[in-house]
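Heads up: numbering here begins at 1 and tracks the sequence. What you see below is based on every heavy atom in this structure, not just the backbone, and it leaves out hydrogens, waters and symmetry mates. Atoms within a ligand are numbered from 1 in the order they appear, just like the ligands themselves.
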Amino acid sequence: MSTDGEGGERNSEAPMVPDDRPSVIRLPAEPVVLRGISGSPGIAVGPALVIGDMRAQYAQRHIHTAQIPSELARLEDAVTRATRTLRDVSAKVVGAKDAQPILEAYVLMLGDPMLHEVVRRKIKVEKKCAEWAVAEASDEIGAAFGDPRERDAYIVERRHDVAFVCERLLRSLLGEAPVSLSLDHPSIVVSHDLSPADTAGMVRGPVLGFVTAVGSRTSHTSIMARALEIPAVVGAPDALTHIRTGDMVVVDGLTGTVTVHPTMTMVVEAHQRSTAHLAFARRLLESKDQKGLLGCGTPIALKANVELPAEATLAVDHGAEGIGLYRTEFLYIDRSSLPTEDEQYEIYRAVVHAVGGRPVTLRTFDIGGDKFASTFQLPAEMNPALGLRAIRLALRQPDVFATHLRAMVRASAHGEVRIMIPMVTTLREMREVRDHLAAATADVRARGLPCADHIALGMMVEVPAAAIMADLFAKEADFFSVGTNDLVQYALAIDRTSQSLAELASAFSPAILRLIRSVTRAARANDVPVALCGAMASEPLAALLLVGLGLRELSMEATAIPEIKESLRRFTLAELEPVAERALMSASAEEVQREVHDAFAPRLVDLLSFSQVGSAILPVGP
Ligand code: PEP
Ligand code: MG
């Protein structure tokens with residue numbers, strides 16, 4: 001989605017400013033390119049509208065005891081108005097399927113007793129004005145999520161959720177109009193962060209693109225922007241330092257860059273790229289209902305990874321043949337009590353219905369390590385990634401696990417449900433899980449509730465021990481799914497959250513490729529289906545290599561499916577296999593990357609120029 005923007009009419013190389021900005025005389029500025037993360041694909045050009053930080057706009061006031069009732073009343077009033085605003089926004093976004101559940105979740109969070117308790121205590125006991133109390137509550141609850149440097153996407157997002165809800169309350173207390181109302185001409189909205197409510201509120205507004213200083217590809221803002229088809233760059237830390245309201249900017253949601261003060265040539269290029277991308281995306285989606293196939297006719301099943309139940313619809317819209325990985329841990333995060341069996345069942349059932357008969361792989365919760373949930377009392381560990389995580393935690397909490405499995409078993413009455421176990425290391429774990437699943441199924445049946453006759457029980461192969469012992473695990477598991485995100489972490493001994501070592505954590509490492517190859521071989525020899533659901537499956541060059549290594553099912557970010565489908569069509573198995581063989585014999589990740597690039601890239605030039613995720617996932621070799 002792009003705009004002609006004012007800059008498109010000029011014919012000089014001078015930096016552009018919007019025509020209607022205040023008549024401030026500014027020296028022509030040099031173009032500045034800011035790096036961020038691709039939040040939503042597409043390119044937009046236009047003037048920036050910088051949305052301020054609410055916290056800068058209130059005074060920290062102590063109140064008298066006599067003012068406590070009126071301050072509490074202001075708070076209640078603000079909650080009511082903020083809830084109403086969110087509901088209004090939610091009603092307006094009926095076309096954006098992913099938006100509504102997120103907004104509804106925010107409405108629930110506005111009524112969260114824990115939030116109210118903290119804010120009310122600050123007003124009543126600490127005698128702080130309502131704005132101050134809300135701001136402090138936001139910090140306090142956010143701090144409960146642990147170290148602020150924590151980079152895990154879930155924790156970062158849950159912290160953002162708390163901040164968003166409190167920001168809504170602050171706005172309501174300050175009588176601020178919704179952001180969308182302040183947009184009176186087409187603009188690129190720039191902010192430290194944007195709540196999904198803000199994003200959704202702009203759906204009918206003249207918003208050309210978003211830029212935020214924080215956020216990730218899996219942040220709610222990115223998901224919403226993708227659902228609304230508005231280009232977005234998130235996690236651009238320098239955005240607020242360099243962009244002022246009125247500055248002309250180019251938002252490139254494909255490369256994750258923002259150009260401030262672009263030259264005329266840059267603007268023209270951005271428009272051309274935008275037009276080409278739109279035509280390209282439309283063309284790719286035209287064949288969304290065709291099956292994934294290589295040029296030689298070999299079928300490759302392409303499924304989607306989802307975190308939010310609402311993403312199931314996004315998956316179908318992008319041609320997914322099913323859900324290859326549903327990360328159910330999302331249900332356990334950011335809440336003070338565990339989800340009940342009924343609550344989980346309703347969500348799993350909704351996902352099964354949303355994909356209309358396609359298979360759904362529900363992964364049991366992968367909590368612990370870098371994925372934190374306050375509802376579990378996790379011990380403080382020196383190396384949490386090597387500690388009480390995923391299936392290890394589930395087996396130590398048999399009641400919680402039983403509830404989880406029963407909900408999944410009940411969902412199997414509505415479509416093809418498969419259950420997958422994360423972080424399996426020993427055969428014994430699989431045997432224990434099978435016993436737990438049998439007990440959960442017996443329990444559901446004893447209550448007279450329907451369920452499938454057989455539920456496939458599979459495992460993630462993401463710990464090197466499981467990859468090495470795949471031939472024996474093949475006798476215990478009904479299917480495998482290789483999790484390269486963790487396999488890279490554990491096999492290369494690189495913390496997956498480490499930014500400083502991210503360059504070394506390449507899924508193209510020959511060590512990883514050899515592990516994958518031994519898993520596909522063991523699976524084939526034992527007639528066990530094997531898929532791969534790590535992030536590398538979303539990148540065209542890596543996906544082709546994986547098929548050459550023997551994979552016939554890939555599960556990935558939904559929006560990557562059309563381009564992976566198109567990439568596969570351009571190659572035959574006879575072309576992919578020799579490249580994989582050479583990669584297996586290579587000495588380094590860089591060598592593999594060169595090999596793969598030379599073999600595949602010349603026939604993917606169009607796709608690679610629009611690929612959103614490749615550069616984010618695979619370090620670029622020298
Ligand atoms: C993986 O480890 O590759 C995977 C898909 O699981 P997660 O990223 O949820 O750990
Ligand atoms: Mg994993």
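- Near Leu325, the atoms of ligand 1 lying under 4.0 angstrom from a non-hydrogen atom of the residue are 5 (C).
- At a heavy-atom cutoff of 4.0 Å, ligand 1 is contacted by the backbone of Thr484 but not by its side chain.
- For the ring pair (Phe, Tyr, Trp, His ring centres under 6.0 Å) test, no residue two or more places apart in sequence or in another chain qualifies with Phe479.
- With a heavy-atom cut-off of 4.0 Å, Leu487 does not touch ligand 1 at all.
- Neither the backbone nor the side chain of Val482 comes within 4.0 Å of ligand 1, counting heavy atoms alone.
- By the 6.0 Å contact criterion, NZ on Lys291 is open, its count of non-hydrogen atoms from other residues, nucleotides or ligands being 12 or less.
- Using the six-membered ring where Trp is involved, Phe401 and Phe365 have ring planes that are perpendicular, over 60° apart on the 30 and 60° scheme.
- Taking the centre of each ring, Phe571 and Phe600 come in below the 6.0 Å mark.
- Each of the atoms 5 (C) of ligand 1 lies under 4.0 Å from some heavy atom of Cys533.
- Close contacts of ligand 1 with Gly534, meaning ligand atoms under 4.0 Å from a residue heavy atom, involve 3 (O).
- Those atoms of ligand 1 that come under 4.0 Å of a heavy atom in Arg327, given as number and element, are 4 (C), 5 (C), 6 (O), 7 (P), 8 (O), 9 (O).
- Side chain of Asp366 to main chain of Met423: no donor-acceptor pair is present (N/O by atom type, distance under 3.5 Å, no hydrogens or angles).
- With ring centers used as reference points, Phe508 lies 6.0 Å or more from His597.
- Residue pairs meeting the side-chain hydrogen bond (donor to acceptor under 3.5 Å, both in side chains) criterion with at least one partner in residues 348-359, sequence neighbours excluded, are Gln344-Tyr348, Glu346-Arg349, Tyr348-His404.
- Here is the list of ligand 1 atoms found below 4.0 Å of a heavy atom in Arg389: 10 (O).
- Of the candidates Met556, Arg363, Glu329, Gln489, it is Arg363 that places a heavy atom closest to atom 6 (O) of ligand 1.
- Checked against the Mg ion (ligand 2), the N, O or S atom of Glu462 at the shortest distance is OE1.
- Few gaps surround CZ on Arg569; more than 12 heavy atoms of other groups in view lie less than 6.0 Å from it.
- Residue side and main chain included, Asp486 places an N/O/S atom under 2.8 Å of the Mg ion (ligand 2).
- Near Asp366, meaning under 4.0 Å from one of its heavy atoms, ligand 1 places the atoms 10 (O).
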